[in-house]
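Each remark here refers to the structure printed beneath this line.
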Protein chains: 2
Amino acid sequence: MIEATAIDAVLRTLADPTRRAIFERVVSSDEITVVELTRGSGVTQGAISQHLKSLKQAGLVAERPEGRNVYYRAQPEGLAPLADWMSHYGVFWRERFANLKTLLEEIDP
Amino acid sequence: MIEATAIDAVLRTLADPTRRAIFERVVSSDEITVVELTRGSGVTQGAISQHLKSLKQAGLVAERPEGRNVYYRAQPEGLAPLADWMSHYGVFWRERFANLKTLLEEIDP
DNA sequence: AAAATACATTAGTAGATACTCATTGATTAG
DNA sequence: CTAATCAATGAGTATCTACTAATGTATTTT
């Protein structure tokens with residue numbers, strides 16, 4: 001089955017452990033290059049670039065080329081579809097409040 | 001790369017659109033049987049059972065056999081690893097508050 | 001200019017996985 | 001008892017995907 005929704009892209013992208021680890025490292029560091037991400041990753045540089053491409057297409061990271069380096073940084077908005085999905089289908093949260101998103105907006109408008 | 005953490009199981013399980021749709025239907029209905037889930041799903045009963053097995057192993061659904069029917073219901077706690085992960089790596093949320101989980105516990109202890 | 005570095009991309013491959021079809025076990029209906 | 005229904009499971013298959021290895025393209029260094 002083929003779907004192309006935002007939540008689909010985000011979940012499929014984060015489902016892979018290697019790719020998720022890359023995302024976590026990007027989040028943890030302000031900006032980080034491909035070589036740095038490659039070091040200690042256990043996979044080749046090519047694999048890292050492929051994963052970054054997926055993350056970029058899912059809207060989870062953004063790039064900033066500078067010279068021969070490319071600096072990657074996390075794109076927080078990319079997680080919004082996941083947050084929305086959680087608020088819709090996350091019974092756990094819905095049981096506690098009517099709508100998590102609404103609550104958050106009330107707290108921090 | 002092989003990992004067996006809770007967040008890994010949850011994300012991998014929800015990554016598949018068909019399986020996620022099943023989960024969403026289980027969440028929406030209080031309790032639902034396999035035949036009901038099969039109807040309008042576009043896949044066979046066997047496929048549904050296989051997906052339910054995955055969802056069960058991920059802790060996202062629970063079953064209640066009754067006669068020859070098996071009623072499935074959502075298991076809200078199963079989404080906790082995802083919520084935890086969001087609070088750790090969801091920059092979007094972290095930028096707004098130090099820790100989402102802490103906040104939620106303060107509101108509803 | 002030549003060598004080196006950073007990154008992207010391609011082709012090819014091995015393994016994962018989502019599916020169908022068929023079968024089985026169990027329960028209920030006629 | 002027999003037939004029908006519900007669900008789980010196994011075998012087989014086609015597709016997807018994460019990876020390596022190799023190559024290409026810039027850019028920087030020497």
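Lettering follows sequence order; numbering is per chain, from 1. Reckoned from all heavy atoms, side chains included, excluding hydrogens, waters and symmetry mates. Values in this document were obtained by computation on a predicted structure and should not be read as measured data.
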Nearest of [options] to any side-chain atom of [X]?
X       : options               : result
A:Ser49 : D:dA7, C:dT9, D:dA4   : C:dT9
B:Arg19 : D:dT9, D:dT27, C:dA18 : C:dA18
A:Arg12 : C:dA8, C:dT9, D:dT17  : D:dT17
A:His51 : C:dA6, D:dT9, D:dA18  : D:dA18
A:Arg68 : D:dC6, D:dA18, C:dT5  : C:dT5
B:Val43 : C:dC7, D:dC19, C:dC19 : C:dC19

Original post:
What's the spacing between B:Ser29 OG and B:Arg73 CZ if we round to 0.5 Å?
Top reply: 12.0 Å
What is the distance, rounded to the nearest whole Å, between atom [atom1] of [X] and atom [atom2] of [N]?
X       : N      : atom1 : atom2 : value
B:Ile22 : D:dA7  : CD1   : C1'   : 14 Å
A:Ile48 : C:dT5  : CD1   : P     : 19 Å
A:Asn69 : D:dT28 : CG    : P     : 9 Å
A:Glu63 : C:dA6  : CD    : C1'   : 13 Å
A:Leu11 : D:dT17 : CG    : P     : 14 Å
B:Arg39 : D:dC6  : CZ    : C1'   : 14 Å
B:Asp16 : C:dA16 : CG    : P     : 17 Å
B:Lys53 : C:dC19 : NZ    : P     : 16 Å

**OP:** Please figure out whether A:Leu52 or B:Glu66 has its closest DNA chain C nucleotide nearer the 5' end.
**Re:** A:Leu52
**OP:** Please confirm whether any donor atom in the side chain of B:Gln50 sits under 3.5 Å from an acceptor in the base of C:dT17, or the reverse.
**Re:** no
Original post:
Do the charged groups of B:Arg20 and A:Asp8 touch, with an N to O distance under 4.0 Å?
Top reply: yes
Original post:
Excluding sequence neighbours, so at least two apart, what forms side chain to side chain donor-acceptor pair (under 3.5 Å) with B:Lys56?
Top reply: B:Glu63
Subject >> Under 4.0 angstrom between B:Thr44 side-chain N/O and C:dC21 OP1 or OP2 >> reply: no
Subject >> Any B:Thr33 side-chain N or O less than 4.0 Å from OP1/OP2 of D:dC6 >> reply: no
**OP:** Scan for salt bridge (charged side-chain N to carboxylate O under 4.0 Å, His left out) pairs involving residues 38-48 of chain B, sequence neighbours excluded, and state none if there are none.
**Re:** none
**OP:** For B:Lys56 and for A:Gly67, locate the closest nucleotide of DNA chain D by heavy-atom distance; then report the residue assigned to the nucleotide nearer the 5' terminus.
**Re:** B:Lys56
**OP:** Answer with base, sugar-phosphate or nothing: what part of the nucleic acid does B:Gly46 contact at a heavy-atom distance below 4.0 Å?
**Re:** base
**OP:** Indicate, with a heavy-atom threshold strictly under 4.0 Å, whether A:Tyr72 touches base, sugar-phosphate, or nothing.
**Re:** sugar-phosphate
Subject >> Heavy-atom donor-acceptor pair, A:Arg19 side chain to A:Ile48 backbone, under 3.5 Å >> reply: no
**OP:** Tell me yes or no: between the side chains of B:Glu24 and B:Ser28, is some donor less than 3.5 Å from an acceptor?
**Re:** no
